[in-house]
Amino acid sequence: MNTDIRVRFAPSPTGFLHIGGARTALYNWAFAQRHQGVFVLRIEDTDKERSLPEHTAQIIQSLRWLGLTWDEGPEAGGASGPYLQSERTTLYQDALERLKDSGRVYPCFCSPDELNSKREAAQAKKSYTGYDRSCRALLETEAQVRIQSGMPHTWRIKLPLERESIEFDDEVFGRIAIPMTQLDDFIVMRTDGTPTYNFVVCVDDITMQISHVIRGDDHLSNTPKQIMVYEALDAPLPVFAHLSMILGSDGKRLSKRHGATSVESYEEEGFLSDALFNYLALLGWSMDGTTTLMNRKDITAHFTLDRISKNPAVFDPEKLAWMNQVYLKEMGASAFVDAWTPYLLADKLLTQAEVAQKRRWLEGIYPLVAERINTLSEINAKSAYLFGGAVINRDDSSVEKCLKNKDSLAVLDTAISLLAEVNTPWSAPAIESILRTIPQQLEQKPKFVFQVVRVAVSGSMVSLPLFESMELLGKELCIQRMQHAQTLCPESEACS
RNA sequence: GGCCCGUUCGUCUAGCGGUUUAGGACACCGCCCUCUCAAGGCGGAGGUCACGGGUUCGAAUCCCGUACGGGCUGCCA
């Protein structure tokens, strides 16, 4: 393991794992894998109001499901813990003390109201809205007196005013330069003694020795501020790589109104971890412009920061669906049945014991259904008729079109009598060769004959392949269903 | 308002000054296959590379503007 390469994913447990967060985690993970580095999971739970332990559990579950395992973090441990920000307060205190000792921060006694009115005034004049640094001019003795007297105060970082600009090289965006005039002496410690985000994130990344900060580009503009913290703490700068955001189909930030946004919901809808992984990897990164199907190994073998796109990417559910089918068709019968089982149980199609007992039979459904679905959640609807008894629900319009025909009864009569005589193994090819004799026998079109049998046996004009379905149903059930279907047919001309 | 960033088929992208009549994938259309639906095979349509100026023998590729979109500008993260 290359311990010089250390990356992290730092979600706030204020909700489930978002698709965008998952991609950020994935890129960090892939980068760590590529360089045999260390992937750290850190939970940014400083927002007491919105942070919930169950959200942390949910995020952890989603990361695991996607196969994004971490080397250090909750449940994994590690030498640079704790990995919950709420348990790291002494680290932030220590860092602040160091900044006080080195004179890189100063106390600010301006009240929020004061600050607000200053800001509003500046806004009205359309001039610089940052802090005017009035408390920076305070004599240290005066500041001490005020602190001693218990006057509420924050601590602000003392920016190096002599600098013209702060510049850094982003691995994705290239060189970024921000004029010093755009930066202010931002607060690092609040009146209540809690540290602010731009301070904590730096202390954490420094103490965790993060070498590459790979995160959303909403932090691009925050980076210069954070560089100031690194410098004040005399810490070496990490490499920065910012990821543009993921958008919905309308070009706006991906949100609830675009449909599912949580990794959890994609799992529930029956997307495969491998497929979501592949899709997310390609949402903003490409290996060569032509390869679209890549497994985890392919991705980690080729993943480089310089091939990450600067453009925001629109999340395309249709392409994900297509990709999921590709993976469904490749996963194999056994894995398929395993993945399907929770859905079988949920819809009470089978019990756990029946699943085990009928495993081979269930595996037989795989090749029929895999190329007809996009997600696991669609399997039950497509295959429900394979689970019923002699009497099944039939789709009204299918009955109308196929069974109410004057020739339907004759078709079923013939089919039943021919199939009843089968004493070779009940197989799809055998069934097919028998049924194929009916059209010429009755002088009907093959399509008509097969559709009548299909509706009789499956209940619908649209079903999985007919002969294979009949094989799976077994001889008895097929005949019983056809007999029941006959009760829905009008009397044939021959009989009337 | 200020600053920062982005802009190649509907979508994801390839492209890093000449090999480009801009390539691939999803979606779309047509044909073939066919017991339905799919899947698969073959083919097609779709981009004045946001726009306008430069630089250059030559620009999607470099530079400058404009437009549009996004981010930051909090004692939120």
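Throughout, a chain's letter reflects where its sequence line sits, starting with A, and its residues are numbered from 1.
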Considering every strand shown, what is the Watson-Crick or G-U wobble mate of B:rA67 when both distances are under 3.5 Å? B:rU7
Please determine if A:R23 forms a cation-pi arrangement with A:Y27, meaning its NZ or CZ atom is less than 6.0 Å from the six-membered ring centre and no more than 45° off the ring axis. yes
Grab the CG-C1' distance between A:D185 and B:rU73 for me, whole Å please. 15 Å
Polar side chain donor-acceptor pair, A:S460 to A:R454, under 3.5 angstrom: no
Note: A:E231-A:R163 ion pair, threshold 4.0 Å (strictly below): yes
Using atom C1' in both nucleotides, what's the gap between B:rA45 and B:rC9 to the nearest angstrom? 11 Å
What's the gap between B:rC31 and B:rG24 when it is taken at their P atoms, as a whole Å value? 23 Å
May I ask you to list the residues of residues 274-289 of chain A, by number, that have any heavy atom positioned under 4.0 Å from an atom of RNA chain B? A:L282, A:L283, A:G284, A:S286, A:D288, A:G289
Among A:S165, A:P224, A:P160, the one residue meeting side-chain contact (heavy atoms from CB on, under 4.5 Å) with A:M180: A:P160
Would A:K310 and A:D217 pass as an ion pair if we require N to O under 4.0 Å? no
Just checking A:C110: base, sugar-phosphate only, or nothing, at a heavy-atom cut-off of under 4.0 Å? base
Quantified in whole Å, what is the C1' atom distance between nucleotide B:rG40 and nucleotide B:rC49? 34 Å
All N/O contacts under 3.5 Å from nucleotides 3-6 of chain B to the protein, with atom names and distances to one decimal?
{"unit_1": "B:rC3", "atom_1": "O4'", "unit_2": "A:Q182", "atom_2": "OE1", "d": "3.2"}
{"unit_1": "B:rG6", "atom_1": "O3'", "unit_2": "A:N311", "atom_2": "OD1", "d": "2.8"}

Taking atom types as modelled and ignoring hydrogens, do the side chains of A:N198 and A:Q226 form a donor-acceptor contact shorter than 3.5 angstrom? yes
Could you check which residues of residues 454-467 of chain A get a heavy atom under 4.0 Å from RNA chain B? Sort them by number, please. A:R454, A:M461, A:V462, A:S463, A:L464, A:P465, A:L466, A:F467
Looking only at atom P, what distance separates B:rC4 and B:rA39, rounded to whole Å? 49 Å
Distance between C1' atoms of B:rA25 and B:rA67 (Å, rounded): 31 Å
May I ask you to establish whether A:R156 and A:Y131 are in a cation-pi arrangement, using a distance under 6.0 Å from NZ or CZ to the six-membered ring centre and at most 45° from the ring axis? yes
Given B:rG15, is OP1 or OP2 found less than 4.0 Å from the side-chain N or O atoms of A:R307? yes
Is it true that the NZ or CZ of A:K158 lies under 6.0 Å from the centre of A:Y106's six-membered ring and within 45 degrees of the ring axis? no
A:Y83 ring centre to A:R42 NZ or CZ under 6.0 Å, with the angle to the axis within 45°? no
Strictly by modelled atom types, are A:K118 and A:S134 linked by a side-chain donor-acceptor pair under 3.5 Å? yes
Sticking with atom P, work out how far B:rG46 lies from B:rC29, rounded to a whole angstrom. 16 Å
By nearest atom, which of the nucleotides B:rA77, B:rG15, B:rG1 is closest to the A:E44 side chain? B:rA77
Please measure how far the P atom in B:rG15 lies from the corresponding atom in B:rA50, and state the result in whole Å. 16 Å
Base, sugar-phosphate or nothing for A:H242? Non-hydrogen atoms, less than 4.0 Å. nothing
Heavy atoms only, 4.0 Å cut-off, all strands: where does A:E318 land among base, sugar-phosphate and nothing? sugar-phosphate
Could you tell me whether A:R136 and A:D185 have a side-chain N and a carboxylate O separated by less than 4.0 Å? yes
Would you classify A:S249 as touching base, sugar-phosphate or nothing, given that sugar-phosphate means primed atoms plus P, OP1 and OP2, and contacts are heavy atoms under 4.0 Å? nothing
With sugar-phosphate meaning primed atoms plus P, OP1 and OP2, does A:M245 contact a base, only sugar-phosphate, or nothing at under 4.0 Å between heavy atoms? sugar-phosphate
Taking only N and O in the side chain of A:R119, is any of them less than 4.0 Å away from OP1 or OP2 of B:rG74? yes
Between the protein and nucleotides 60-68 of chain B, are there any N/O to N/O pairs under 3.5 Å, and if so, what are the atom names and distances?
none

Tell me which nucleotide among B:rC76, B:rC12, B:rU36 gets nearest to the side chain of A:D47. B:rC76
How about A:Y92 and A:D204: do any of their side-chain heavy atoms sit closer than 4.5 Å? yes
Does one side chain, of A:N311 or A:S244, offer a donor that lies under 3.5 Å from an acceptor on the other? no
Would you check if A:P312 and A:I246 make a side-chain contact, meaning some heavy-atom pair closer than 4.5 Å? no
Using 30° and 60° as the class boundaries, would you call the ring planes of A:F467 and A:F450 parallel, tilted or perpendicular? perpendicular
Is any side-chain heavy atom of A:L488 closer than 4.5 Å to a side-chain heavy atom of A:R394? yes
Given the rule in the side chain to side chain contact (heavy atoms under 4.5 Å, CB included) test, do A:E167 and A:I176 qualify, once you have shown the distances and angles that lead to the verdict? CA-CA 6 Å; A:E167 304 182 7; A:I176 306 286; over 6 Å; no
Looking for any heavy atom pair under 4.0 Å, which part of the strands does A:K382 touch: base, sugar-phosphate only, or nothing? nothing
For nucleotides 40-44 of chain B, tabulate all protein N/O to nucleotide N/O atom pairs closer than 3.5 Å, reporting atom names and distance.
{"unit_1": "B:rG40", "atom_1": "OP1", "unit_2": "A:K329", "atom_2": "NZ", "d": "3.4"}

Whole-angstrom distance between B:rU48 and B:rU61, as gauged at atom P: 15 Å
Donor-acceptor pair, distance only, cut-off 3.5 Å: does the side chain of A:S62 make one with the backbone of A:I59? no
With nearest nucleotides of RNA chain B determined for A:D306 and A:R372 from heavy-atom distances, which residue corresponds to the more 5′ nucleotide? A:D306
Distance flag, aromatic centroids of A:F173 and A:H242, threshold under 6.0 Å: no
Could you say whether A:P195 or A:T292 is positioned toward the 5' end of RNA chain B, judged by the nucleotide with the nearest heavy atom to each? A:T292
Which ones in residues 444-451 of chain A lie close to RNA chain B, meaning a heavy atom under 4.0 Å from one of its atoms? A:K447, A:F450, A:Q451
Can you see if the side chain of A:R436 gets near the phosphate of B:rC35 - specifically, an N or O under 4.0 Å from OP1 or OP2? yes
A:D316 side chain, from C-beta outward: closest of B:rC26, B:rU36, B:rA77: B:rC26
Quick one about A:T375 and A:S377 (side-chain donor to acceptor, distance below 3.5 Å, no hydrogens or angles considered), yes or no? yes
Please tell me which of the listed nucleotides, B:rA77, B:rC12, B:rC35, lies nearest to the side chain of A:N222? B:rA77
Just to verify, which of A:R215, A:R88, A:R8 counts as forming a salt bridge (charged side-chain N to carboxylate O under 4.0 Å, His left out) with A:D205? A:R8
Nearest-angstrom distance from the residue atom CG of A:N198 to P of B:rC75: 11 Å
